[in-house]
Number of protein chains: 4
Amino acid sequence: MHVQRVKRLPREVRERQILDAAVQVFSRHGYHNASMDEVSEVAGVSKPMIYAYLGSKEDLFGACIRREATRLLEAVTGGIRVELAPDMQLWHGLGAFFRFVGEHRESWQVLHRQAISQGGPFSDEVLAMRGRAIALVDALLVRTATKRGLDEQATRATEALAAALVGSAESLADWWLDHPDITGRTLASWLMNLVWMGFGDLVEGSVWTPTND
Amino acid sequence: MHVQRVKRLPREVRERQILDAAVQVFSRHGYHNASMDEVSEVAGVSKPMIYAYLGSKEDLFGACIRREATRLLEAVTGGIRVELAPDMQLWHGLGAFFRFVGEHRESWQVLHRQAISQGGPFSDEVLAMRGRAIALVDALLVRTATKRGLDEQATRATEALAAALVGSAESLADWWLDHPDITGRTLASWLMNLVWMGFGDLVEGSVWTPTND
Amino acid sequence: MHVQRVKRLPREVRERQILDAAVQVFSRHGYHNASMDEVSEVAGVSKPMIYAYLGSKEDLFGACIRREATRLLEAVTGGIRVELAPDMQLWHGLGAFFRFVGEHRESWQVLHRQAISQGGPFSDEVLAMRGRAIALVDALLVRTATKRGLDEQATRATEALAAALVGSAESLADWWLDHPDITGRTLASWLMNLVWMGFGDLVEGSVWTPTND
Amino acid sequence: MHVQRVKRLPREVRERQILDAAVQVFSRHGYHNASMDEVSEVAGVSKPMIYAYLGSKEDLFGACIRREATRLLEAVTGGIRVELAPDMQLWHGLGAFFRFVGEHRESWQVLHRQAISQGGPFSDEVLAMRGRAIALVDALLVRTATKRGLDEQATRATEALAAALVGSAESLADWWLDHPDITGRTLASWLMNLVWMGFGDLVEGSVWTPTND
DNA sequence: TATGAATGAGCATTCATTCAT
DNA sequence: TATGAATGAATGCTCATTCAT
């Protein structure tokens with residue numbers, strides 16, 4: 001008789017609708033302030049469907065995180081050419097990272113802010129992803145360092161440096177939200193100069209030490 | 001007959017007790033999962049006292065953030081000797097920062113994770129504090145750079161670099177939580193090497209550029 | 001297997017159940033001492049339904065007032081035949097009023113006692129209704145008076161007299177609660193005699209004045 | 001050393017302070033919305049003193065009602081000259097009543113609205129007072145009626161008429177709050193005309209009856 | 001598949017009331 | 001006498017979650 005508001009859609013499509021809505025809502029209000037009601041409203045899907053397809057709120061949030069984390073990792077690794085030199089790999093990776101963040105602010109918010117601030121499995125998951133990123137960077141550093149010869153102190157420091165680099169990138173991505181006139185490419189370039197050259201000095205034995213302490 | 005748990009204490013003391021408990025509870029469970037009941041239990045104070053002295057849950061959280069932010073800033077600025085050279089100032093600042101984080105993990109959790117992940121006034125407040133930190137570092141960079149002569153690109157980049165440095169420090173502080181065998185002093189030293197030397201190169205015109213892109 | 005207490009009912013029905021229960025509870029305990037828990041219990045409906053359908057406690061009370069006020073007004077105006085003489089209209093109106101109060105004591109309690117004693121919008125609403133009643137009566141008085149000719153003093157007094165009549169009726173309704181052996185018809189008859197004849201005298205210029213004062 | 005805010009005052013004075021404050025606060029916010037904190041603040045007396053002198057909130061409210069009711073009754077009976085004719089007694093009584101209400105709006109609010117709307121002992125007390133007033137009026141009516149000769153119907157009606165008169169007066173007092181340009185004397189005069197003359201007709205056998213019903 | 005109807009359980013907040021001083 | 005400090009107990013309200021259709 002009357003038009004049905006939404007047609008019967010295949011499960012796959014419904015799930016995507018729901019996840020899109022959830023990412024949007026979670027990024028806007030944070031995990032706890034987000035209500036399943038709003039998600040269902042934004043998704044145009046009734047709540048029971050959400051539970052049927054994606055489980056509890058926690059499950060839903062987890063699904064969001066996994067999807068966005070995967071997207072981010074794919075974007076970054078997809079931007080890297082393994083046949084290039086380490087510095088160029090890093091360069092492309094950073095470029096891909098900033099490009100992704102620029103184009104998917106909501107995804108980034110969910111990953112960087114919401115997920116980490118929740119204790120337990122969520123932050124674990126994101127921190128694991130960050131760990132993979134750090135390991136990736138560390139591998140590049142080690143590869144370079146080993147080529148040139150790596151002294152004791154530098155060896156032990158590479159992982160920390162990788163962590164610092166990843167942290168820098170994350171922090172710059174945040175900072176970027178308030179300075180949108182800069183291009184992502186510029187950000188990547190700054191970061192390369194800062195980190196790579198400092199790292200190079202380190203490897204070459206040029207070390208900063210406190211004058212007296 | 002039996003010992004009374006706590007006697008009538010002056011308001012000031014109670015407020016400190018409550019804030020201590022609140023920081024603990026907020027850092028453990030996050031803002032939303034923290035319950036006023038638990039705060040009151042941990043503080044050894046009934047809920048009405050909390051409301052009488054510190055106001056609503058939101059107010060209480062705000063008070064925590066302000067107190068911890070102030071403590072952190074005081075710790076960092078108190079660690080700096082303004083008569084020293086910029087690099088030494090940075091060195092001491094980083095040292096003080098890592099020392100504070102090492103000694104007040106809960107404070108750091110509340111500030112870095114919980115506060116930022118809540119939208120609105122809380123994250124604003126913390127982000128403002130981070131902004132002050134970035135400005136501080138930026139001033140040091142600019143001072144150094146100007147002495148040596150600063151080319152165009154480097155000038156525009158100092159603020160971003162400062163943001164990156166602050167981000168690195170934050171990220172390292174997080175990383176540290178999972179690698180507690182490292183000393184804060186070592187962390188600071190790595191960071192100095194990474195950042196300061198890279199910055200030095202930058203200032204001296206030694207620039208990294210992509211080979212082809 | 002066993003009988004289910006209530007099945008899924010359409011919203012409309014539930015709302016009526018809830019309002020019925022609320023009027024009952026509010027009339028028994030007054031606005032403040034009434035608890036939403038009791039309302040939900042009496043209605044046989046869980047609290048979230050109440051909030052979903054009728055809003056906050058304040059909203060719920062307002063809805064009760066509006067419904068009962070409407071019912072009362074409908075009962076009274078429905079009892080009036082506009083084609084009759086003013087005195088007969090008043091007579092029928094009073095009759096309908098007392099009939100309603102006799103049959104809906106709880107409604108009357110809520111309207112007359114609870115609503116008025118709450119400051120703000122509630123009493124405003126009820127006082128507005130009383131105002132309409134007074135205006136109604138006033139119109140009747142004026143109509144009669146004008147026919148017969150109305151001296152200055154009487155003119156200015158009609159509104160006050162109407163207020164007095166309405167007040168009398170309300171007061172008698174209260175008094176009735178403690179003297180239930182009287183019929184509402186008798187009450188109406190007494191009131192007609194008291195008021196209408198006094199009014200008639202007034203209109204005809206037969207005035208009571210203090211002998212010396 | 002420093003000035004004490006309030007001196008040690010005799011119990012009597014303190015009690016008056018507290019009652020004055022309580023009447024004010026109760027009339028402003030109603031029984032339930034009034035907080036003991038506000039009473040203590042307005043009275044300039046700490047809460048424990050209130051409890052020591054006047055007992056619980058309920059007790060305090062009861063004390064207010066009793067004091068104000070007594071005042072009102074005293075004002076009214078004090079205004080009456082028993083040696084005068086019944087109509088003049090009523091006239092003076094009404095005058096005293098309106099004078100009191102005009103000069104003590106808060107007292108009247110507490111008595112008329114707050115007290116009655118609370119179930120139980122409070123409204124009982126006030127209703128008892130109203131009962132005394134009704135009885136007083138009734139006695140006047142009966143005295144008059146008996147003198148002139150009183151038919152059956154009228155006899156049974158006098159109490160109801162007295163109730164109606166008292167109700168009119170109360171209602172007019174309320175109405176007055178919104179029409180403060182009228183003098184209390186005028187109100188009393190209107191009421192006398194309305195009621196006394198209608199009553200006179202009644203007594204004289206001039207009865208209003210519905211034409212057909 | 002899809003949803004309106006329904007709820008258990010929890011949480012922030014308030015207030016009358018009372019100690020300890 | 002007088003009070004700042006302290007609390008037990010209650011209540012409004014919300015939200016994730018699940019039936020019955």
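Only this structure's heavy atoms are used, side chains among them; waters, hydrogens and symmetry mates stay out. We name chains A, B, ... by the order of the sequence lines, and we start the count at 1 in each one.
- DNA chain F lies under 4.0 Å from at least one heavy atom of each of the following residues of residues 46-60 of chain D: Ser46(D), Pro48(D), Met49(D), Tyr53(D).
- Remark: DNA chain F takes part in the stems E:2-21 with F:2-21, each of 3 or more antiparallel Watson-Crick or G-U pairs, criterion distances under 3.5 Å.
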Worksheet entry | Audit row: Glu12(A), Arg16(A), salt bridge (Lys or Arg N to Asp or Glu O under 4.0 Å) steps and yes/no | CA-CA 6 Å; Glu12(A) 208 182 351; Arg16(A) 193 166 45 236; 5.1 Å; no
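- Heavy-atom minimum distance, Met36(C) versus Ser56(C): CE-C, 4.4 Å.
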Discussion item. Would Val23(A) and His104(A) count as a side chain to side chain contact (heavy atoms under 4.5 Å, CB included) here? Give the steps.
Written reply: CA-CA 11 Å; Val23(A) 168; His104(A) 303 84; over 6 Å; no
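- Spacing between atom CZ of Phe26(D) and atom P of dC15(E) amounts to 14 Å, rounded to whole angstrom units.
- In this structure, Asp59(D) does not pair ionically with Arg66(D), as no charged nitrogen and carboxylate oxygen lie closer than 4.0 Å.
- Ring geometry, Phe122(C) versus Phe61(C): the interplanar angle exceeds 60°, so the pair is classed perpendicular (tilted spans 30 to 60°).
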Discussion item. If you apply the rule side chain to side chain contact (heavy atoms under 4.5 Å, CB included), what do you find for Phe26(C) with Leu60(C), and how did you get there?
Written reply: CA-CA 10 Å; Phe26(C) 282 135; Leu60(C) 178 60; 4.2 Å; yes
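- For the residue pair His29(D) / Glu38(D), a side-chain donor-acceptor distance below 3.5 Å is found, with atom types taken as modelled.
- The interatomic distance linking Arg11(C) (CZ) with dA5(E) (P) rounds to 7 Å, in whole Å.
- Computed from coordinates, the His32(D) NE2 to dT14(E) C1' distance equals 13 Å when rounded to whole Å.
- For Leu9(C) and dC19(F), the CG to P distance is 19 Å, given to the nearest whole Å.
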Discussion item. For Tyr31(B) and Val110(B): C-alpha separation, side-chain torsions, deciding distance, then whether side chain to side chain contact (heavy atoms under 4.5 Å, CB included) applies.
Written reply: CA-CA 9 Å; Tyr31(B) 176 70; Val110(B) 167; over 6 Å; no
Discussion item. Run the side chain to side chain contact (heavy atoms under 4.5 Å, CB included) test on Glu15(B) and Arg11(B) for me, step by step, so that the C-alpha distance in whole Å, both residues' side-chain angles and the decisive distance to 0.1 Å come before the verdict.
Written reply: CA-CA 6 Å; Glu15(B) 284 192 349; Arg11(B) 175 174 184 139; 3.0 Å; yes
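- Within a heavy-atom distance below 4.0 Å of DNA chain E, no residue of residues 34-41 of chain A is found.
- Side-chain polar atoms of Glu68(C) and Ser107(C) form a donor-acceptor pair below 3.5 angstrom.
- The phosphate of dT1(F) has neither OP1 nor OP2 within less than 4.0 Å of any side-chain N or O from Arg14(D).
- Between the side chain of Lys57(B) and the backbone N or O of Ala34(B), at least one donor-acceptor pair lies under 3.5 Å.
- Between Gln17(B) atom CD and dT7(F) atom C1' there is a gap of 15 Å when expressed in whole angstrom units.
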